[in-house]
S.K.: 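Got a structure for you, written out below as structure tokens; questions coming shortly.
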Amino acid sequence: MRDRADALFVAPDGFLISRRVQFATLATRHGVPTAYGVREHVEAGGLMSYGTDNVDVWRQVGVYTGQILKGAKPADLPVLQSTKFEFVINLQTARALGIDVPNALQLLADEVIE
């Protein structure tokens, strides 16, 4: 806070997810707009997130598991990258930070938390 960051990006990480309420509370209290790589931070009060759609990831895990159970060798399965992403905005947090989120940006979001 001493250096007065203009904004912050929090990468997806198990430790940081477990502290998501703390992150959201501190960022809002200190007036730092913060973007995250997973929606759970936004649900906990963060400003916005853009990252992999977890439902799609777990679906793909199920597909891989099914292939392995049918006899496929894990080493023979292709490595896939996410193709489905989601953008989530928390308008309550935006208002608390004094940020006006344009309608055009809200329309691009997969979910807007009022």
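Not measured: the values here are computed from a predicted model.
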S.K.: Where do I113 and V88 land on the side chain to side chain contact (heavy atoms under 4.5 Å, CB included) test, with the steps shown first?
M.R.: CA-CA 8 Å; I113 298 171; V88 182; 4.0 Å; yes
S.K.: How long is the span from the CG atom in L47 to the CD atom in Q92, to the nearest 0.5 Å?
M.R.: 12.0 Å
S.K.: Would you say T83's side chain and Q81's backbone share a donor-acceptor pair under 3.5 angstrom?
M.R.: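 Judged by distance alone, no pair lies under 3.5 Å.
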S.K.: Would you say the side chain of S82 lies within less than 4.5 Å of the side chain of D56, judging by non-hydrogen atoms?
M.R.: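 No - every pair of side-chain heavy atoms lies 4.5 Å or more apart.
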S.K.: Extract all donor-acceptor atom pairs below 3.5 Å that involve side chains of residues 65-77 and protein atoms in other chains or at least two apart in sequence.
M.R.:
| residue | atom | partner | partner atom | Å |
| --- | --- | --- | --- | --- |
| T65 | OG1 | V61 | O | 2.8 |

S.K.: Please give me the minimum heavy-atom distance between A27 and T34, naming the atom from each residue.
M.R.: CB-OG1, 3.2 Å
S.K.: Hey, are the side chains of H41 and S49 touching, using non-hydrogen atoms and a 4.5 Å cut-off?
M.R.: no
S.K.: Shortest non-hydrogen contact from G46 to T93?
M.R.: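 Taking every non-hydrogen atom into account, O-OG1, 3.6 Å.
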S.K.: Which heavy atom of A94 sits nearest to which heavy atom of V101, and what is that distance?
M.R.: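 Smallest interatomic distance, heavy atoms only, reads CB-CG2, 3.6 Å.
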S.K.: For the residue pair G45 and T28, what are the closest heavy atoms and their distance?
M.R.: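 Minimum heavy-atom separation between G45 and T28: O-OG1, 4.0 Å.
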S.K.: Check whether any side-chain heavy atom of E111 lies under 4.5 Å from a side-chain heavy atom of E86, and answer yes or no.
M.R.: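 No, their side chains stay 4.5 Å or more apart.
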S.K.: Does L105 reach the side chain of I89, with side-chain heavy atoms less than 4.5 Å apart?
M.R.: yes
S.K.: When you measure from the side chain of N90 to the backbone N and O of M48, does any donor-acceptor pair fall under 3.5 Å?
M.R.: no
S.K.: Applying salt bridge (charged side-chain N to carboxylate O under 4.0 Å, His left out), name anything that partners R95, two or more places apart in sequence or on another chain.
M.R.: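 With sequence neighbours excluded, R95 shows a salt bridge (charged side-chain N to carboxylate O under 4.0 Å, His left out) to no residue whatsoever.
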S.K.: Taking all non-hydrogen atoms of both residues into account, name the closest pair between L97 and G31 and its distance.
M.R.: CD2-CA, 3.5 Å
S.K.: State, with a plain yes or no, whether a side-chain heavy atom of V63 is found less than 4.5 Å away from one of R59.
M.R.: yes
S.K.: Between F85 and T52, is there a side-chain heavy-atom distance shorter than 4.5 Å?
M.R.: yes
S.K.: What do the steps show when you test F9 against Y36 for ring-ring contact (aromatic ring centres under 6.0 Å, His included), and what is the final call?
M.R.: CA-CA 6 Å; F9 177 76; Y36 302 90; 7.8 Å; no
S.K.: So, taking the atom named CD in Q106 and the one named CD in E114, what distance separates them when rounded to the nearest 0.5 Å?
M.R.: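 The distance works out to 7.0 Å.
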S.K.: Check salt bridge (charged side-chain N to carboxylate O under 4.0 Å, His left out) between E40 and all other residues, then give those that pass, not counting sequence neighbours.
M.R.: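 E40 satisfies salt bridge (charged side-chain N to carboxylate O under 4.0 Å, His left out) with no other residue.
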S.K.: Any side-chain heavy atom of Q60 within less than 4.5 Å of one from L80?
M.R.: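 Of all side-chain heavy-atom pairs linking L80 with Q60, at least one is under 4.5 Å.
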S.K.: Are the side chain of S18 and the backbone N or O of F15 linked by a donor-acceptor pair below 3.5 Å?
M.R.: yes
S.K.: For the hydrophobic clusters of this structure (ILVMFWY residues joined by side-chain heavy atoms under 4.5 Å, transitively), does one cluster hold both I17 and V10?
M.R.: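 Different hydrophobic clusters.
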S.K.: What residues form a salt bridge (charged side-chain N to carboxylate O under 4.0 Å, His left out) with D53, not counting sequence neighbours?
M.R.: K84
S.K.: Quick one: ring-ring contact (aromatic ring centres under 6.0 Å, His included) partners of F87, sequence neighbours excluded?
M.R.: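 Result, ring-ring contact (aromatic ring centres under 6.0 Å, His included) vs F87: none returned.
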S.K.: Of all residues at least two apart in sequence or in a different chain, which pass the salt bridge (charged side-chain N to carboxylate O under 4.0 Å, His left out) check with D110?
M.R.: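 D110: no salt bridge (charged side-chain N to carboxylate O under 4.0 Å, His left out) contacts found.
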S.K.: So, do V112 and L91 sit near enough that their side-chain heavy atoms are less than 4.5 Å apart?
M.R.: yes
S.K.: Return yes if some donor-acceptor pair links the side-chain N/O of R19 with the main-chain N/O of L16 below 3.5 Å, else return no.
M.R.: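 No: the side chain of R19 does not pair with the backbone of L16.
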S.K.: Taking all non-hydrogen atoms of both residues, which atom of A44 and which atom of A24 are closest, and how far apart?
M.R.: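 Result for this residue pair: O-CB, 3.6 Å.
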